[in-house]
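Numbering of residues begins at 1 and proceeds along the displayed sequence. Everything quoted here is computed from the prediction, not taken from an experiment.
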Amino acid sequence: MSASLSAPASRGGYVPRRKRPSIWLLLPVLLLVVLSLLPLVYVGLKTWQAGWAEALHLLWRPYVFGLLRNTLALMVGVTVACGVIGLSLAWLLERSNLPGRRLWGVILCLPFAVPAFVSSFTWVSLSASFEGLGGAILVMTLSKYPLIFLPVAATLRNLDPSLEESARTLGQNRWGVFFRVTLPLLWPSLLAGSLLIALHMLVEFGALSIIGLQTFTTAIYQQFELEFSNANAAMLSAVLLALCLMLLWLELKVRGKGRHVRTGQGAARQAGQVRLGPWAVVGQAYCLALAIIGSGIPLGMLAYWLAVGSSAAFPVAAISEALLSSLALSLGGAALCLVLAVPVGLLVVRYKGQLAIWAERLPYLLHALPGLVIALTLVYFALHYVPVLYQTSALLLIAYALLFLPLAQAPIRTALNKAAPQLEEAARTLGASSFSAFCRVTLPIIFPALGAAFALVFLDAMKELTATLLLSPTGLNTLATEVWAHTANVEFAAAAPYAALLILVSGLPVYLLTTRMYLSR
């Protein structure tokens, strides 16, 4: 019998017998594990070659302690600020009667489409006071808070309102209901977004170099590019890996072992809205202020540089070539991420086991490595073992998959948790194959999450800089590398057309994602 059901579980539910994963599910997962281990092996090998005495000499000095202080301060400051902004905006737009909340939902996600390195030079060009740690926290918070706002808002929208209504009938006020019922249900989405933001802060390079904040990532770049010291840079990368391990351990302890699952999609009934009354003015001012500083100022400064450079030559051919290269690489990287993330999600949710744990956690470890380290790892192994891949777009697509897979993992895993395996079991008992049951039953349930994951990876791939600089084939330029090349030479007017086009293209998936979430309701 191709599929059968076990005895009734507690409370009368049926659970499917656990089967071994098929070889077609294991192959992409094993490929991902092997690829994910390569940068870790590279860092360990280069660190070992340096020796313990050299490692102690490099790491135990005030300069490294200063890098650690700046990195931790940036990570904590941005993560906490994004958590406060994302949670408050999600509640304001999903649970209150704020006028124009649907339109605000679209506008307040626009900063996500502005690359952090573009936003940073617009702020620095306004005033030198935005340089340093404070300016970095401001710029990175405005760029990353949608990573918390979007998933928390989606979770709020899909919560069963009867849970909160039951708490109200038991005498809880609105604050009590929020902290005792709503917040625990939002906790998985909040933690997943916070973890991504914290890991982003460990590896951010472009914006921090423009703002002038020294962190481990900028120091690693200097070691590689200026001092040509792979071993020293690898040891600094090992410190980032240690920080990432602590983050993953902390996230696992806080999240706990509980699962938040329900069969089916739940009731379509929405929760009642809180009437703001006079506080609606405060809510509107809050949204307006975020819109101005998040997207208004960067876009206004970009318009200024476009106007300043309007009399200069406008290289249509070069801009078109960079646009097509960016689109092809970003679409390919996003598709490859989905191909790897779906099998990993199925293995984690349906089968568990050590392989599932490694496949899920290794990409998060790689997220704590700068794109430069990933790129040099792939260059090293390609030259030594697969020379045919060197200087090809395929190697760059692999780098994108390793860098951005966590962006796809979180929404796909959450969606698979809601897709009860009993539904597939029922389809198989009616004669459908495992693959057909997945495509006809589970795939429609997780399709919105696949779209969100694709959009998130596409956005970050469009803005990726360091790995693209090292791995792109000779003569291939993207919008991001062109912006970087011109801003490095203080050619802001020349960089403006590429930056404007990058924002326009990146803003399209943000617009589609947010309009589907808000304006279509």
Side-chain angles (χ1 to χ4, degrees), residues 36 39-40 42-44 47 59 63-83 115-117 120 132-133 135-145 147-148 191-224 232-252 254 360-377 399-400 402-407 409-410 456-457 460 463-467:
S36 300
L40 306 181
Y42 177 79
V43 171
T47 303
L59 297 179
Y63 172 69
V64 176
F65 294 143
L67 295 177
L68 179 62
R69 181 181 63 250
N70 289 344
T71 301
L72 291 178
L74 177 71
M75 181 183 69
V76 174
V78 173
T79 304
V80 172
C82 287
F117 60 88
S120 62
L133 179 61
I137 292 177
L138 172 68
V139 171
M140 299 312 301
T141 297
L142 295 175
S143 296
K144 302 300 180 184
Y145 75 79
L147 283 174
I148 289 181
L191 279 180
S194 298
L195 179 62
L196 282 177
I197 291 172
L199 293 175
H200 268 277
M201 295 308 102
L202 290 179
V203 302
E204 179 60 39
F205 166 72
L208 302 183
S209 63
I210 293 174
I211 291 176
L213 179 67
Q214 283 288 312
T215 63
F216 277 109
T217 307
T218 58
I220 290 170
Y221 182 83
Q222 291 171 357
Q223 292 289 334
F224 272 126
N232 290 349
M235 281 185 283
L236 293 178
S237 300
V239 178
L240 283 182
L241 279 177
L243 292 175
C244 179
L245 282 172
M246 293 192 321
L247 273 178
L248 294 176
W249 175 83
L250 181 62
E251 187 262 349
L252 192 61
V254 173
E360 181 186 27
R361 292 292 161 173
L362 278 175
Y364 284 97
L365 279 175
L366 296 187
H367 218 59
L369 285 176
L372 186 66
V373 177
I374 303 294
L376 288 173
T377 298
Y400 284 173
L402 294 178
L403 285 169
F404 305 129
L405 192 63
L407 293 174
Q409 281 181 276
L456 288 174
V457 176
D460 263 28
K463 298 179 284 187
E464 205 286 324
L465 183 62
T466 51

Is there a donor-acceptor pair under 3.5 Å between the side chain of Thr218 and the backbone N or O of Gln214? no
When rounded to the nearest 0.5 Å, the distance separating CE of Met201 from CD1 of Ile137 is 10.0 Å
Do Met75 and Leu202 make a side-chain contact, defined as non-hydrogen atoms from C-beta onward lying under 4.5 Å apart? yes
Rounded to the nearest 0.5 angstrom, the CE-CG distance for Met246 and Leu72 is 7.0 Å
If we only count heavy atoms from C-beta on, is the Leu407 to His200 side-chain gap below 4.5 Å? yes
Using the side-chain contact (heavy atoms from CB on, under 4.5 Å) criterion, which residues pair with Ala136? Sequence neighbours excluded. Leu74, Leu208, Ile211, Leu213
Indicate yes or no: at least one non-hydrogen side-chain atom of Thr215 is less than 4.5 angstrom from one of Phe205. no
For a side chain to side chain contact (heavy atoms under 4.5 Å, CB included) check, start with the C-alpha distance between Asp460 and Leu403, then their side-chain angles and the critical distance, and finish with the verdict. CA-CA 9 Å; Asp460 263 28; Leu403 285 169; over 6 Å; no
Partners passing side-chain contact (heavy atoms from CB on, under 4.5 Å) against Ala375 (at least two apart in sequence or in another chain): Ala467, Leu470, Leu471
Sequence-distant partners of Thr79, side-chain hydrogen bond (donor to acceptor under 3.5 Å, both in side chains), two or more places apart: none
Exercise: identify the closest heavy-atom pair between Val139 and Ala116: CG1-O, 3.9 Å
With sequence neighbours excluded, what pairs up with Leu138 under the side-chain contact (heavy atoms from CB on, under 4.5 Å) test? Trp123, Phe130, Leu142
Write down the atom of Ala207, the atom of Phe117, and the distance for their closest heavy-atom approach. N-CB, 3.8 Å
Does Val203 reach the side chain of Thr466, with side-chain heavy atoms less than 4.5 Å apart? no
Is any side-chain heavy atom of Pro406 less than 4.5 Å from a side-chain heavy atom of Leu196? yes
Sequence neighbours left out, what passes ring pair (Phe, Tyr, Trp, His ring centres under 6.0 Å) with Phe65? Give chain and number order. Trp60
Counting N and O atoms only, with roles assigned by atom type, does the side chain of Ser194 sit under 3.5 Å from a partner on the main chain of Leu191, one being a donor and the other an acceptor? no
My understanding is that only residues two or more places apart in sequence, or in another chain, count here; which of them pass side-chain hydrogen bond (donor to acceptor under 3.5 Å, both in side chains) with Gln409? none
CZ of Phe216 to CG of Leu68: how many Å apart, nearest 0.5 Å? 5.0 Å
Output yes when a side-chain donor or acceptor of Glu360 lies under 3.5 Å from a complementary backbone atom of Leu362, and no otherwise. no
If you compare all heavy atoms of Ala73 against all heavy atoms of Leu133, which two are closest, and at what distance to 0.1 Å? CB-CD2, 3.9 Å
